[in-house]
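Inspection log for the structure reproduced underneath, given as structure tokens.
In this chain, residues are counted from 1 in sequence order.
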Amino acid sequence: MADFEPRRSVAFIGSECYPFVKTGGLGDVMYALPKMLTQQNVDCHVILPKYACIKQEWKDKMFYKGSFYMDLCSDGRQYYVGIMEYVEDGVVYDFIDNDEFFSFGKPYTNLVDDIPKFCYFSKAALAALIYMDWIPNVIHCHDWQAALCPIYLKTLFADTKLCNTRAIFTIHNLRFQGIYNEPTLRYWTGLPDIAFAQENMGNDKGDANMLKGGVAFADIVTTVSQTYAEEIKTAFFGENLEMHLQRNASKLVGIVNGIDTDVWNPATDKLLVAPYDIGNVLEKKPENKHALQERLGLEQDTDKMVIGLVSRLTDQKGLDILNQILNDIVDDFTQVVVLGTGDKGYEQSFQYFEASNKGRVCSYIAYDEALSHQIYAGADALLVPSLFEPCGLTQLISMRYGTVPIVRETGGLKDTVEPYNWMSNWGNGFTFDRYESGLLLDAINRAKKLYFENRWQWDEMVQRDMDKDVSWWNSALAYRGLYLMLT
Ligand code: ADP
């Protein structure tokens, strides 16, 4: 541990964390980053809501740590705060318990309910730290659901034991900001006027913006790739906050996400019929492909190229340009597998695509952790044609599983996938720049050409991808550096 002196303590505060509750990449990060930091001499607590939708097997493992009452709204109403604790891999998970807020949703519902829920959660998280008398050096808050924490810290908690604690706020996706009318937010938060000033939560339309306030009050703001840190200062990616982010640019840092290489490990993955490593991937991948084809009702032929998509089905993910070319991708030699849920329009268009290409296409409209592993292992290539992508994890997971990513050059996709170069026979995947269906199709066709015509070069790329470091180690070190700098 000598390399990792001095020790620091950090409270991670956010709305989801694998394996308890996960809807996307935030859940992966809230699990994997603290776990890695504990190996770098950082003492981590993760503070989460105790949602009713958390599986009973996890609830059974939690123990009661204590409870108290906290005032919340501007009229001083009192609310119960229970703390349930669970410890794993050196990380302490503290779940904030309150049935009034957390008994519905999976875990999110709609803003009308979610705004009070996360006002309560943000304040209760800080109050719980004081109640437990665990005073961290840093609170590390994630996305709009925890964006009020830095504001509470610097205002209502300024004279508490947390007075020397510093705040880092991480933006995982700028699209979601927690915007609501100001009077309602004033009521629920009980925050002082300064929090609602124009340079903080205020905006011109009489609304208050929780994420905007979190950026203003945090000591450091991070986002999940260097390219996205630059992009969000521009109008196209800035989601109306580009000016605010420019004003706060001196404290904005991009640190790319990693993945948990224990959870995502093809050599030990119990969900695969044929686990594999870099040494036997070329023999074992076809076995996984065959099992995938069988499970999904596709023609069972491992010579066919299988192209996968594992994604929330929303506009962000580039599905409109993908829809335009779906019928140009499948042919006698190529199959497509889609796993996702989201906007009804996309769900239906993928179902239609399956119906008109039986045996060649499967659109599995669900959230299914096990099937996602089987697709990463059984597919040859994975599509990530996003309109914008703060970091993106699916391309990292696919590389770890020797599945070649086909991505648009934006955000973290640009930072993590080196385009294949025919001349040097080097690179990790296929990329395209402008958001156009024709360019996406071109990238897919380049991948197909290599797969069918130069298999040994393709196979080298498969092995190169598996060899690439996609772990959290270096990025966790970068976060550790920030914690040390602040305290
Ligand atoms: P985002 O957070 O924008 O949804 P990321 O690429 O950062 O996108 O993270 C997506 C995570 O969610 C990955 O772990 C991916 O495997 C998982 N995922 C997305 N959709 C599904 C699904 N339908 N079933 C299972 N896992 C999914």
Side-chain angles (χ1 to χ4, degrees), residues 259-311 329-340 354 357-384 393-407 417 420 428-430 444 447-471:
I259 55 170
D260 188 304
T261 47
D262 299 330
V263 173
W264 301 107
N265 183 354
T268 56
D269 194 330
K270 295 198 171 52
L271 298 163
L272 308 187
V273 293
Y276 57 94
D277 56 27
I278 193 167
N280 62 4
V281 54
L282 302 178
E283 290 152 48
K284 297 287 180 182
K285 201 175 236 304
E287 290 179 37
N288 289 298
K289 187 194 288 193
H290 190 270
L292 182 70
Q293 289 169 326
E294 192 177 356
R295 173 169 179 189
L296 298 181
L298 298 173
E299 202 181 318
Q300 289 158 43
D301 178 350
T302 54
D303 287 337
K304 301 214 160 146
M305 183 179 186
V306 174
I307 302 179
L309 176 86
V310 178
S311 180
I329 305 176
V330 277
D331 54 34
D332 289 344
F333 314 100
T334 314
Q335 301 176 336
V336 171
V337 171
V338 175
L339 171 64
E354 172 183 307
N357 290 281
K358 271 285 174 215
R360 289 178 173 179
V361 173
C362 174
S363 300
Y364 201 97
I365 305 301
Y367 187 92
D368 189 321
E369 195 79 29
L371 181 57
S372 76
H373 285 243
Q374 289 150 6
I375 293 174
Y376 292 123
D380 297 294
L382 189 96
L383 293 172
V384 200
L393 296 179
T394 61
Q395 82 283 9
L396 300 180
I397 302 169
S398 82
M399 287 190 279
R400 172 102 172 125
Y401 279 66
T403 301
V404 173
I406 301 173
V407 309
V417 180
Y420 179 69
N428 303 108
F430 293 88
I444 295 170
K448 280 186 178 177
K449 189 170 164 56
L450 193 71
Y451 181 84
F452 288 114
E453 294 178 15
N454 288 71
R455 184 62 65 84
W456 67 271
Q457 290 179 330
W458 177 276
D459 289 345
E460 279 184 359
M461 179 145 54
V462 166
Q463 290 173 315
R464 203 159 46 239
D465 282 355
M466 289 188 74
D467 205 27
K468 186 178 161 73
D469 181 7
V470 290
S471 78

Output, in order, the C-alpha distance, side-chain angles, deciding distance and verdict of side-chain contact (heavy atoms from CB on, under 4.5 Å) for Val310 and Val337.
CA-CA 9 Å; Val310 178; Val337 171; over 6 Å; no
Could you walk me through whether Tyr376 and Thr394 pass the side-chain contact (heavy atoms from CB on, under 4.5 Å) check?
CA-CA 9 Å; Tyr376 292 123; Thr394 61; 3.2 Å; yes
Given the rule in the side-chain contact (heavy atoms from CB on, under 4.5 Å) test, do Val336 and Leu309 qualify, once you have shown the distances and angles that lead to the verdict?
CA-CA 8 Å; Val336 171; Leu309 176 86; over 6 Å; no
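Here CG of Asn454 is found 10.5 Å from CG of Asp459. Values are rounded to the nearest 0.5 Å. Distance check: Tyr420 OH to Leu450 CG gives 5.0 Å after rounding to the nearest 0.5 Å. Interatomic distance, CG of Asp465 versus CG of Leu382, reported as 11.5 Å (0.5 Å rounding). Going from atom CG of Leu272 over to atom NE2 of His373 covers 8.0 Å, rounded to the nearest 0.5 Å. Taken from CD1 in Ile375 to CG in Leu296, the straight-line distance is 6.5 Å, to the nearest 0.5 Å. For the atom pair CG of Asp260 and CZ of Arg400, the computed distance is 9.0 Å after rounding to the nearest 0.5 Å.
Side chain of Lys468 to main chain of Leu396: no donor-acceptor pair is present (N/O by atom type, distance under 3.5 Å, no hydrogens or angles). Asn428 places no side-chain N or O within 3.5 Å of a backbone atom of Val417 that could act as its donor or acceptor partner.
Partner of Gln335 under the side chain to side chain donor-acceptor pair (under 3.5 Å) criterion, out of Gln293, Lys304, Lys289, Glu299: Gln293 alone.
Heavy atoms only, all atoms of each residue included: Gly308 and Ala379 are closest at N-CB, 4.2 Å. Across all their heavy atoms, Ala267 and Asp277 have their closest contact at CB-CB, 4.3 Å. Closest approach of Val306 and Gly378 over heavy atoms only: CB-O, 4.4 Å. Residues Ile278 and Val281 come closest through the heavy atom pair O-CG1, 3.5 Å.
Classified by interplanar angle (parallel below 30°, tilted 30° to 60°, perpendicular above 60°), the ring pair Trp458/Tyr451 is perpendicular.
Here the side chains of His290 and Val273 are not in contact, with every heavy-atom distance at 4.5 Å or above. Side-chain contact between Glu287 and Tyr276: absent, with no pair of heavy atoms (C-beta onward) separated by less than 4.5 Å. Side-chain contact between Val462 and Val404 is present, with heavy atoms from C-beta onward closer than 4.5 Å. Contact annotation: the side chain of Met461 approaches that of Phe430 to within less than 4.5 Å [non-hydrogen atoms, C-beta and beyond]. Between Phe452 and Thr334 the shortest side-chain heavy-atom distance falls below 4.5 Å. When side chains are defined from C-beta on, Met466 counts as touching Pro266, because their heavy atoms get closer than 4.5 Å. Side-chain contact between Leu271 and Gln374 is present, with at least one heavy-atom pair separated by less than 4.5 Å.
Checked by atom type, the side-chain pair Lys285/Thr403 shows a donor-acceptor distance below 3.5 Å. Using a 3.5 Å distance cut-off with no hydrogens or angles, the side chains of Tyr401 and Asp269 do pair a donor with an acceptor.
Of the charged side-chain nitrogens involved, at least one lies within less than 4.0 Å of a carboxylate oxygen, so that Arg360 and Asp332 count as a salt-bridged pair.
Counting heavy-atom neighbours within 6.0 Å of Lys449 NZ, excluding the residue itself, gives a total of 12 or less.
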